[in-house]
Peer 1: 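A single structure is presented below for examination.
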Amino acid sequence: MTSFPIIGAHVSIARGFSGAAARAHAIGAVALQMFSKSPHQWGSAKEDPEDVAKFVRYVDAYHIGPRYFHASYLLNLADEGRIGKASATTLVNELVLAPKLGVRGSVVHVGSWKGAEPDFDRLADVVRDILKKTPEEAMFIMENSGTRKIGVTLEDIGALAARVKSPRFKVCLDTCHLFTAGYDIRTKDALDAFIKKFEEIVGMERLELWHVNDSRDPFGSYRDRHENIGEGALGKEPFRILVNHSAMKEIPFVLETPGFDGGGPDKKNVEILNGLAR
Ligand SMILES: [Zn+2]
Ligand SMILES: [Zn+2]
């Protein structure tokens, strides 16, 4: 039985995928996100069949799902050279691995134009090629950006979604990124207005998950530094409104907060969010 809201967390794979599942369970998360390998290095995950089997057993026993990968921070799918090629290959390998772990897909920071003219047609071709090379059940999940990169506006996300034209193209909305990119979600009215805009420009059916993070930086600052829930410029109230919103009932909320002891999303952040739910 699923209870709402679905509060999840980004968890470390330092002790393998099974270690990540164990950590999620230990902090009370019922959904998880993890890297498939170090996010700061190129190359693909090494698959340990024993660890994969253990992960599948754990998430089943602990009822942890949905599950997501967060793609490498090095990726820039808009790059037209070597970096772009390596980015696509890395993501293809990750999305091929995903179904083996019962992972729904990868949350992706798409990249930046790096001075080049925005070319959504070319970028969409890159994404479509990645989808073509990967299992039908694996989702490409574009995350909104809090800094001036691709995805800082809903128009960016809508432009790519419209060109990729695939039900496998999904979206992750990060509360910290929306806030620093100048999208106000602090009151019920503001959130409703934002949801209406999202519906018009992107489409609610594309919303796969939320990243729930408070922000160390002010509204419209174009910075990206996460803070524990209630400890930042957003405060607790926007999260109370969000996790109780009727349109978000089945959408998972995944924490990427620094943690009260600095060790990443922790039990306290999960408990704060659960405490805000009615
Ligand atoms: Zn995020
Ligand atoms: Zn962030």
Side-chain angles (χ1 to χ4, degrees), residues 4-8 31 33 66 68 107-110 118 120 139-165 167 169-257 269 272-278:
F4 298 104
I6 303 163
I7 308 293
Q33 174 182 282
Y68 301 99
V107 176
V108 184
H109 298 184
V110 170
F120 282 103
M139 309 285 166
F140 179 104
I141 308 165
M142 178 178 186
E143 179 168 1
N144 73 303
S145 179
T147 63
R148 295 177 204 273
K149 292 183 174 170
I150 303 167
V152 67
T153 63
L154 291 182
E155 284 76 9
D156 280 358
I157 301 173
L160 195 54
R163 286 166 176 79
V164 172
K165 285 198 192 75
F169 183 94
K170 298 284 187 180
V171 175
C172 168
L173 290 174
D174 186 306
T175 52
C176 169
H177 301 176
L178 284 177
F179 181 66
T180 57
Y183 289 102
D184 196 358
I185 49 164
R186 285 172 287 189
T187 63
K188 178 73 166 60
D189 284 352
L191 181 62
D192 283 341
F194 171 78
I195 291 170
K196 188 161 171 275
K197 206 182 271 180
F198 183 84
E199 168 63 21
E200 283 164 14
I201 301 172
V202 181
M204 273 306 280
E205 73 285 357
R206 301 231 182 251
L207 182 58
E208 174 66 30
L209 74 154
W210 282 89
H211 279 169
V212 276
N213 302 306
D214 209 328
S215 172
R216 286 176 68 182
D217 300 289
F219 184 72
S221 58
Y222 294 99
R223 301 285 306 270
D224 182 5
R225 296 186 305 162
H226 301 179
E227 184 51 279
N228 296 316
I229 303 299
E231 303 282 300
L234 276 163
K236 279 184 188 164
E237 209 43 41
F239 296 99
R240 184 195 311 279
I241 294 163
L242 181 64
V243 301
N244 292 301
H245 199 288
S246 59
M248 301 306 159
K249 194 162 176 230
E250 316 226 347
I251 311 284
F253 300 99
V254 172
L255 287 154
E256 295 176 316
T257 49
N269 276 283
I272 291 170
L273 278 181
N274 273 318
L276 294 172
R278 272 189 290 271

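In what follows, every heavy atom counts, from backbone to side chain, and hydrogens, waters and symmetry copies are set aside.
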Peer 1: Quick check: do R206 and I157 have side-chain heavy atoms less than 4.5 Å from each other?
Peer 2: no
Peer 1: For residues P218 and A233, report the shortest heavy-atom separation together with the two atoms involved.
Peer 2: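 Residues P218 and A233, closest heavy atoms: CA-CB, 4.4 Å.
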Peer 1: Of all the heavy-atom pairs spanning D184 and F194, show the shortest one and how long it is.
Peer 2: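 Looks like O-CB, 4.3 Å.
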Peer 1: Is any side-chain heavy atom of V107 less than 4.5 Å from a side-chain heavy atom of E208?
Peer 2: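 Heavy-atom side-chain distance check fails, nothing below 4.5 Å.
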Peer 1: Please find the pair of heavy atoms, one from I6 and one from E250, that lie closest to each other, and give the distance.
Peer 2: CD1-O, 3.9 Å
Peer 1: Would you indicate whether the side-chain heavy atoms of P238 and F179 approach each other to under 4.5 Å?
Peer 2: no
Peer 1: Tell me the closest heavy-atom pair linking L207 and F198, and the distance in Å.
Peer 2: CB-CE2, 3.9 Å
Peer 1: Apply the test salt bridge (Lys or Arg N to Asp or Glu O under 4.0 Å) to residues K197 and E200: give CA-CA distance (whole Å), side-chain angles for both, the deciding distance (0.1 Å), then the verdict.
Peer 2: CA-CA 5 Å; K197 206 182 271 180; E200 283 164 14; over 6 Å; no
Peer 1: Once rounded to the nearest 0.5 Å, what's the spacing between atom OG1 of T257 and atom CG of D214?
Peer 2: 9.5 Å
Peer 1: I want to check something: taking the side chain as every heavy atom from C-beta on, are E256 and D174 in contact at a cut-off of under 4.5 Å?
Peer 2: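 Touching, per the 4.5 Å side-chain cut-off.
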Peer 1: Given the rule in the side chain to side chain donor-acceptor pair (under 3.5 Å) test, do N144 and H211 qualify, once you have shown the distances and angles that lead to the verdict?
Peer 2: CA-CA 10 Å; N144 73 303; H211 279 169; over 6 Å; no
Peer 1: Kindly give the heavy-atom pair with the smallest separation between T180 and G146, and that separation in Å.
Peer 2: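 The answer is OG1-O, 3.4 Å.
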Peer 1: Determine, stepwise, if the pair L234 / E227 fulfils side-chain contact (heavy atoms from CB on, under 4.5 Å).
Peer 2: CA-CA 9 Å; L234 276 163; E227 184 51 279; over 6 Å; no
Peer 1: Within a strict 4.5 Å, meaning less than it, do heavy atoms of the H177 and S145 side chains meet?
Peer 2: no
Peer 1: Using the rule side-chain contact (heavy atoms from CB on, under 4.5 Å), only one of L191, L178, L173 pairs with Y183; which is it?
Peer 2: L178
Peer 1: Using 4.0 Å as the upper bound for N to carboxylate O, is an ion pair formed by K196 and E199?
Peer 2: no
Peer 1: Quick one: NE2 on H245 to NZ on K188, what's the gap to the nearest 0.5 Å?
Peer 2: 4.0 Å
Peer 1: Taking atom NZ as the centre, does K170 end up with more than 12 heavy-atom neighbours from other residues, nucleotides or ligands that are less than 6.0 angstrom away?
Peer 2: yes
Peer 1: How many angstroms lie between atom CD of E231 and atom NZ of K236, to the nearest 0.5 angstrom?
Peer 2: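 The NZ atom of K236 is 7.5 Å from CD of E231, to the nearest 0.5 Å.
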Peer 1: Closest approach of R223 and T147, non-hydrogen atoms and distance?
Peer 2: C-CG2, 4.1 Å
Peer 1: Give me the one residue out of L276, N244, I272 that meets side-chain contact (heavy atoms from CB on, under 4.5 Å) with F239.
Peer 2: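 Running side-chain contact (heavy atoms from CB on, under 4.5 Å) over L276, N244, I272 with F239 returns exactly one hit, L276.
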Peer 1: Test side-chain contact (heavy atoms from CB on, under 4.5 Å) on V171 and V202; report intermediate values, then the result.
Peer 2: CA-CA 9 Å; V171 175; V202 181; 3.9 Å; yes
Peer 1: Answer yes or no: is there a side-chain heavy-atom contact under 4.5 Å between D156 and F120?
Peer 2: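 Result yes, sub-4.5 Å side-chain heavy-atom pair found.
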Peer 1: Could you tell me if the side chain of M248 sits less than 4.5 Å from the side chain of I195, heavy atoms only?
Peer 2: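 Yes, side chains in contact.
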Peer 1: Would you compute the distance between atom CG of L209 and atom CE of M139 and round it to the nearest 0.5 angstrom?
Peer 2: 12.0 Å
Peer 1: Evaluate side chain to side chain donor-acceptor pair (under 3.5 Å) for H226 paired with N228, printing each intermediate quantity in order.
Peer 2: CA-CA 7 Å; H226 301 179; N228 296 316; over 6 Å; no
Peer 1: Does F253 reach the side chain of T175, with side-chain heavy atoms less than 4.5 Å apart?
Peer 2: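 F253 does not reach T175 side chain to side chain.
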Peer 1: For F169, what residues pass the ring-ring contact (aromatic ring centres under 6.0 Å, His included) criterion, not counting sequence neighbours?
Peer 2: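 Listed in chain order: F140.
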